[in-house]
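Just so it is clear, the model here is predicted, and its values are computed rather than measured.
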Amino acid sequence: MASKTVEDVLFPGIDVRVEDVSDSPGILVVEAVSTARPGRCPNCRKQARRVHSTYQRTLDERPLGSRRVIVRLRLRRYFCDRRSCSRTTFVEQVPGLSARYRRSSTGLAGAGCGRSRSSSAAVPPHGCAVGCG
């Protein structure tokens, strides 16, 4: 039987490479980087060729047992080289993990994070999607 990698367990079928895992009581912090092919401009759909910069996003992920999981995901910002496009740069998204403006993974939103939500709050204070809890 083939052994599974950390990526296979935490991010099956998702284009990321785990660079570090920090384990402390109650929390697991995963440092990961996107390994996906260059993205396409969300405006004109032209495939990116040049990297502008990289930056780190912090996402809440589904719990692992009783431990909270936080993913520190390094993403690339690309130039859009199409002169007629109004967007000069854009950030890649990792399908199955990240989406624009989210502070939780797309997997967490689909599963519901299980945290309780106040009935008077439109968005929970922990940053999950409206479909949470």
Side-chain angles (χ1 to χ4, degrees):
M1 176 185 253
S3 62
K4 291 193 176 218
T5 65
V6 173
E7 289 89 351
D8 293 335
V9 173
L10 294 177
F11 309 111
I14 299 175
D15 292 327
V16 296
R17 180 180 68 244
V18 173
E19 295 192 327
D20 189 39
V21 177
S22 303
D23 188 13
S24 61
I27 193 163
L28 189 70
V29 178
V30 180
E31 306 274 345
V33 62
S34 171
T35 59
R37 295 180 56 204
R40 293 187 177 274
C41 173
N43 284 12
C44 69
R45 305 302 300 156
K46 179 174 176 63
Q47 186 159 4
R49 293 184 181 188
R50 299 185 301 141
V51 174
H52 176 277
S53 58
T54 62
Y55 82 103
Q56 180 175 285
R57 287 183 63 186
T58 301
L59 302 169
D60 279 325
E61 179 57 274
R62 291 178 297 244
L64 188 62
S66 62
R67 286 186 280 182
R68 181 178 175 205
V69 178
I70 294 176
V71 178
R72 292 190 182 137
L73 180 62
R74 193 170 61 225
L75 296 169
R76 296 167 285 199
R77 177 175 290 279
Y78 290 104
F79 287 103
C80 179
D81 291 324
R82 181 164 281 158
R83 291 179 191 221
S84 61
C85 184
S86 63
R87 186 178 296 264
T88 55
T89 65
F90 62 94
V91 174
E92 71 180 321
Q93 300 303 323
V94 178
L97 187 59
S98 69
R100 291 176 69 186
Y101 309 116
R102 292 195 59 84
R103 290 184 285 174
S104 59
S105 73
T106 54
L108 182 62
C113 77
R115 294 185 187 175
S116 62
R117 175 169 55 162
S118 166
S119 60
S120 63
V123 177
H126 55 274
C128 289
V130 175
C132 164

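- Under the 3.5 Å distance criterion, with hydrogens and angles disregarded, no donor-acceptor pair is assigned to the side chains of Arg76 and Thr54.
- Residues Phe11 and Val29 do not share a hydrophobic cluster, clusters being chains of Ile/Leu/Val/Met/Phe/Trp/Tyr side chains in contact below 4.5 Å.
- To the nearest 0.5 Å, atom CD of residue Glu31 and atom CG of residue Asp20 are 6.0 Å apart.
- Taking the side chain as every heavy atom from C-beta outward, Gln47 and Arg37 approach each other to under 4.5 Å.
- When the side chains of ILVMFWY residues are joined at heavy-atom separations under 4.5 Å, either directly or via intervening members, Val94 and Val30 end up in a single hydrophobic cluster.
- With a 4.5 Å cut-off on side-chain heavy atoms, Val69 and Asp60 do not count as touching.
- Hydrophobic clustering (side-chain heavy atoms under 4.5 Å, transitive across Ile, Leu, Val, Met, Phe, Trp, Tyr) keeps Tyr55 apart from Tyr78.
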Residue pair Ile27, Ile70: steps toward the side-chain contact (heavy atoms from CB on, under 4.5 Å) verdict
CA-CA 8 Å; Ile27 193 163; Ile70 294 176; 3.4 Å; yes
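- The existence of a salt bridge linking Arg67 and Asp23 is confirmed by a sub-4.0 Å separation between a basic side-chain nitrogen and an acidic carboxylate oxygen.
- In this structure, Asn43 and Ser86 have side chains that are in contact, with non-hydrogen atoms separated by less than 4.5 Å.
- For His52 and Phe79, the distance between ring centers is under 6.0 angstrom.
- Using a cutoff of 4.0 Å between basic side-chain nitrogens and carboxylate oxygens, Asp81 and Arg50 are scored as salt-bridged.
- Using a 4.5 Å heavy-atom threshold, the side chains of Val71 and Thr58 count as separate.
- Here the CD1 atom belonging to Ile14 is positioned 11.0 Å from the OG atom belonging to Ser34, to the nearest 0.5 angstrom.
- The residues Glu61 and Arg68 are annotated as not salt-bridged, no charged nitrogen and carboxylate oxygen being separated by less than 4.0 angstrom.
- Linking Ile, Leu, Val, Met, Phe, Trp and Tyr whenever their side-chain heavy atoms come within less than 4.5 Å puts Leu64 and Leu59 in one cluster.
- Side-chain atoms of Arg40 come within 3.5 Å of backbone atoms of Arg45 as a donor-acceptor pair (strictly under, hydrogens ignored).
- Taking SG of Cys41 as the reference point, atom NZ of Lys46 lies at 10.0 Å (rounded to 0.5 Å).
- Linking Ile, Leu, Val, Met, Phe, Trp and Tyr whenever their side-chain heavy atoms come within less than 4.5 Å leaves Val51 and Leu75 in two separate clusters.
- Annotation: side chain of Cys44 is not in contact with side chain of Arg87 (no heavy-atom distance under 4.5 Å).
- Between the side chain of Thr35 and the main chain of Asp15, a donor-acceptor pair closer than 3.5 Å is present.
- A donor-acceptor pair is defined here as one N or O able to donate and one able to accept, closer than 3.5 Å; no such pair exists between the side chain of Gln56 and the backbone of Arg74.
- You'll find the side chain of Leu28 reaches within 4.5 Å of the side chain of Val21, heavy atoms only.
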May I have the step-by-step check of side chain to side chain donor-acceptor pair (under 3.5 Å) for Thr89 and Arg77, ending in yes or no?
CA-CA 7 Å; Thr89 65; Arg77 177 175 290 279; 3.1 Å; yes
